[in-house]
Amino acid sequence: MNKPNIVILGAGYGGMMTTVKLQKSLGLNEAVLTLVNNNDYHYQTTWLHENAAGTLHHDRTRIPIKEVVNMNKVNFVLDTVVAIKPEEKKVKLKNGELSYDILVVALGFEAATFGIPGLTENAFTIGNINSARLIREHIEYNFAMYHNDSKKNQARLNIVIGGGGFTGIEFVGELANRIPELCKEYDIDKNLVRIINIEGSPAVLPGFDPQLVEYAMNSLEARGVEFITGALLKECKPASIVYEKDNKEVEIPTLTTIWAAGVRANSIVETSGFTTNRGKVEVRKDMRVPEYDDVFVLGDCALIMNPDTGCPFPPTAQIAIQESQTVAHNVKALIQGNDELESFEAKILGTVASLGANDAIGVILNNRKLFGFKATVMKKIIDNRYLLKLGGFSLLMRKGKFNIFY
Ligand SMILES: Cc1cc2nc3c(=O)[nH]c(=O)nc-3n(C[C@H](O)[C@H](O)[C@H](O)COP(=O)(O)OP(=O)(O)OC[C@H]3O[C@@H](n4cnc5c(N)ncnc54)[C@H](O)[C@@H]3O)c2cc1C
C-alpha cells in the first residue's frame, strides 16, 4: 500500500513546529513527510526588526532547516509555492508540482498597503531576512552618503515608520538604540536624525494597557523618537511622505519609510480559491479549511475567532506555535484512520513587546503588567523557550539570547 503524502508549505513558526512534531510522532512507514520552503533556512520573524535596525545580525535569526529537521525522515523541497489546487490535491511550485493526500498551509503573511499611493514602490517592509537586511543597508548607506552630498540632504536622516502597532514600536525601539552608534560611525550630529512614528489611532500600541503605552512612549521619546498619532499616511513618494492630521496635510522629506502598519495572509490562500474572511481562511475548530477535509491552514494564513472578545486572534507566533500542536495531532490522527480530531484552544500566556534590547513592556498571566528589566527578561525567556521547543538544548545554546544585563 502506498504511504500517504503529507505536504507542509512554509517553514515559519507554524510549518516548522508542525514538521518537527510529525517527524517525531510518525513512524517512517506511516507517511511521506514533505516540507516546502522558499529558503533553505527558517527565520524567526519575531526578531526581524532587530536585523532591520542593525542591532542583531541576521545569521542569529536564521536557522538552517537541516539543523532542525531530520532529512532522513523529511523530504525538504527548496522552492516557491505558486498556487494550491485543492480539487486536484496538487501544489504548483515555481519549479514543479507536488501531489498530496494531506496538506498543511503555513505560508505566513504579506504587508497590507491598503491602496496607499506609492507605498508598494517607495516604502520598505519588515517581512523576511532579505527585506530586513535591505533596510539595515539602506539606512547605513544614507548615513554614509550624508557627508558625501555636495548639499546636505536632511531626507537621508529622517526615518519614518508607518504604524505604531507591535512591529512598528519594536522596530522603533531598536532603531533608537542603533542611531547613536551610526552617528558615531559616520560623524553625524545625533540631533539631526529624526525617527518619526506615524500612527492612525489616537495612541500607539492600540489594545495595550494605557499605563504600558505611556511607559513605552516615555521610554522611546527619551531616546529621541517623535510620535505623530491620529494621523493617516496619504502618500509615500520617492523622497517624502505625506500624512493628514486634523484635516491638514503635512509633507516630511525622507528617503526611508518603513511600512509596519498592517499584514494580511499570504495571498496564495485567496488566489487558490479557499473561502477567505479578511484575506484569511476561517478554519474549522480542528484547523481544517471549511471545504476540504484534507487541507489544514495555520498561523497568519488562518483566522480563528476569540470567543472571549468576538474578534479574531491577532496574528502572532504564539498562536501559530499553539496551532501547530493541534494540526500535528490531527494530521497524525487522519493518517492513523482516527476521525476524532482535536479542537484548537488558544492559551494566551501574555504579550511582551520589546522597546530595544534593554527595555520592554508586557502583560503576562492574570493580567500582570511588566515594565523595563523584568519585561526584557520575560521577552528573552519567550524567545529562548521557542528555540528549546524547536531544536532542543543545542539550538538554544547556539541561537539563544542570554545577554540579560546588556
Ligand atoms: C518584526 C515582527 C515582530 C513580531 N513580534 C512578535 C512577537 O513578539 N510575538 C509574537 O507572538 N508574534 C510576533 N510577530 C508576528 C509573528 O512573527 C507571526 O505571527 C508569525 O511569524 C506567523 O507564523 P507563520 O508560521 O504563520 O508564518 P511565518 O513565520 O512568517 O512563516 C512563513 C514561512 O513561509 C515561507 N514562505 C512564504 N511564502 C512562500 C512561498 N510562496 N513559497 C514557499 N515558502 C514561502 C517563508 O519564507 C516563511 O518561512 C512579529 C512579526 C514581525 C514582522
Side-chain angles (χ1 to χ4, degrees), residues 7-19 35-53 56 61-63 65 76-84 91-95 98 104-111 124-132 135 161 163 165-175 258-269 271-272 280-281 297-303 313-324 327 346 348-355 360-362 375 378-380 382-383 385-386 390:
V7 174
I8 298 167
L9 307 180
Y13 289 97
M16 277 299 269
M17 288 304 288
T18 305
T19 306
L35 172 66
V36 184
N37 197 53
N38 52 2
N39 300 299
D40 61 0
Y41 55 81
H42 160 69
Y43 53 81
Q44 299 212 61
T45 313
T46 60
W47 294 10
L48 288 176
H49 57 288
E50 297 173 62
N51 308 142
L56 183 78
T61 298
R62 60 177 166 180
I63 300 163
I65 288 175
F76 174 64
V77 177
L78 174 61
D79 209 334
T80 301
V81 178
V82 179
I84 300 163
V91 177
K92 192 169 179 317
L93 306 176
K94 215 166 161 188
N95 302 301
L98 289 172
V104 176
V105 182
L107 290 169
F109 65 92
E110 291 174 3
F124 296 88
T125 52
I126 309 174
N128 52 44
I129 292 283
N130 293 329
S131 63
I135 293 170
I161 297 94
F166 209 90
T167 302
I169 292 302
E170 287 203 319
F171 176 64
V172 160
E174 295 297 325
L175 202 56
I258 288 111
W259 179 243
V263 291
R264 47 157 296 153
N266 191 317
S267 50
I268 288 174
V269 294
T271 54
S272 296
K280 298 181 171 197
V281 180
V297 176
L298 77 160
D300 287 2
C301 290
L303 184 137
F313 283 110
T316 63
Q318 180 177 184
I319 290 282
I321 293 165
Q322 290 183 12
E323 288 170 348
S324 73
V327 171
I348 303 298
L349 304 171
T351 309
V352 184
S354 69
L355 307 170
I361 52 168
M378 183 52 70
K379 184 82 179 168
K380 287 176 183 156
I382 293 168
D383 289 342
R385 187 169 168 263
Y386 169 67
L390 181 69

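All ligand and atom numbering here is 1-based and tracks the order in the structure. Quick note: numbers below take in every heavy atom, side chains included, and nothing from hydrogens, waters or symmetry partners. None of the values given here were measured: they were computed from a predicted structure.
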**Student:** Give the residue and atom name of whichever protein heavy atom lies nearest to atom 19 (O) of ligand 1, and the separation in Å to one decimal.
**Tutor:** D300 OD1, 2.8 Å
**Student:** Would T167 count as a polar contact of ligand 1, with the cut-off being nitrogen or oxygen pairs under 3.5 Å?
**Tutor:** no
**Student:** Say whether H49, considering both its backbone and side-chain N or O atoms, lies within less than 3.5 Å of an N or O atom on ligand 1.
**Tutor:** no
**Student:** Can you tell me which residue and heavy atom of the protein come closest to atom 25 (O) of ligand 1, and the distance to 0.1 Å?
**Tutor:** G14 N, 2.8 Å
**Student:** Have a look at ligand 1 and work out which part of V82, if any, has a heavy atom under 4.0 Å from it: side chain, backbone, both or neither.
**Tutor:** neither
**Student:** Pairs of nitrogen or oxygen atoms closer than 3.5 Å, one from Q318 and one from ligand 1: do any exist?
**Tutor:** yes
**Student:** Is G10 close to ligand 1, meaning an N/O of one under 3.5 Å from an N/O of the other?
**Tutor:** no
**Student:** Just heavy atoms, cut-off under 4.0 Å: does I319 contact ligand 1 by side chain, backbone, both, or neither?
**Tutor:** neither
**Student:** Report the part of F166 in contact with ligand 1, treating N, CA, C, O as backbone and CB onward as side chain, heavy atoms under 4.0 Å; options are side chain, backbone, both, neither.
**Tutor:** side chain
**Student:** Check this for me - ligand 1, A317, N or O atoms closer than 3.5 angstrom, yes or no?
**Tutor:** yes
**Student:** Nearest to atom 38 (N) of ligand 1, what protein heavy atom do you find, and at what distance?
**Tutor:** N266 ND2, 3.2 Å
**Student:** Which pair of heavy atoms, one from Q44 and one from Y386, lies closest together, and at what distance?
**Tutor:** OE1-CD2, 3.1 Å
**Student:** Kindly assign one of parallel, tilted or perpendicular to the pair Y13 and H42, based on the angle between their ring planes and the thresholds 30° and 60°.
**Tutor:** perpendicular
**Student:** Which atoms of ligand 1 have any heavy atom of P315 under 4.0 Å away?
**Tutor:** 15 (C), 19 (O)
**Student:** V36 to ligand 1: N or O pair under 3.5 Å?
**Tutor:** no
**Student:** Is N38 touching ligand 1 with its side chain, its backbone, both, or neither, if touching means heavy atoms under 4.0 Å apart?
**Tutor:** both
**Student:** Among all protein heavy atoms in this structure, tell me which lies nearest to atom 37 (C) of ligand 1, with the distance rounded to 0.1 Å.
**Tutor:** L107 O, 3.4 Å
**Student:** For atom 5 (N) of ligand 1, what is the nearest protein heavy atom, given as residue, atom name and distance?
**Tutor:** E170 OE1, 3.5 Å
**Student:** Would a 4.5 Å heavy-atom cut-off, applied to side chains only, mark V36 and L93 as touching?
**Tutor:** yes
**Student:** Which protein heavy atom lies closest to atom 4 (C) of ligand 1, and at what distance to 0.1 Å?
**Tutor:** T46 CA, 3.7 Å
**Student:** Quick one: nearest non-hydrogen protein atom to atom 49 (O) of ligand 1, plus distance?
**Tutor:** N37 OD1, 3.1 Å
**Student:** Polar-atom distance check: V81 versus ligand 1, any N or O pair below 3.5 Å?
**Tutor:** yes
**Student:** Would you please test S267 and E110 for side chain to side chain donor-acceptor pair (under 3.5 Å) and show each step?
**Tutor:** CA-CA 7 Å; S267 50; E110 291 174 3; 2.7 Å; yes
**Student:** To the nearest 0.5 Å, what is the distance between CD (Q318) and CD1 (I348)?
**Tutor:** 4.5 Å
**Student:** Can you report which non-hydrogen protein atom sits closest to atom 20 (C) of ligand 1, along with the distance?
**Tutor:** Y13 CD1, 3.7 Å
**Student:** So which bit of Y43 gets within less than 4.0 Å of ligand 1, heavy atoms only: side chain, backbone, both or neither?
**Tutor:** side chain
**Student:** Heavy-atom contacts under 4.0 Å between I268 and ligand 1: side chain, backbone, both, or neither?
**Tutor:** side chain
**Student:** If we only count heavy atoms from C-beta on, is the I84 to L9 side-chain gap below 4.5 Å?
**Tutor:** yes
**Student:** At a non-hydrogen distance cut-off of under 4.0 Å, which region of H42 contacts ligand 1 (side chain, backbone, both, or neither)?
**Tutor:** neither
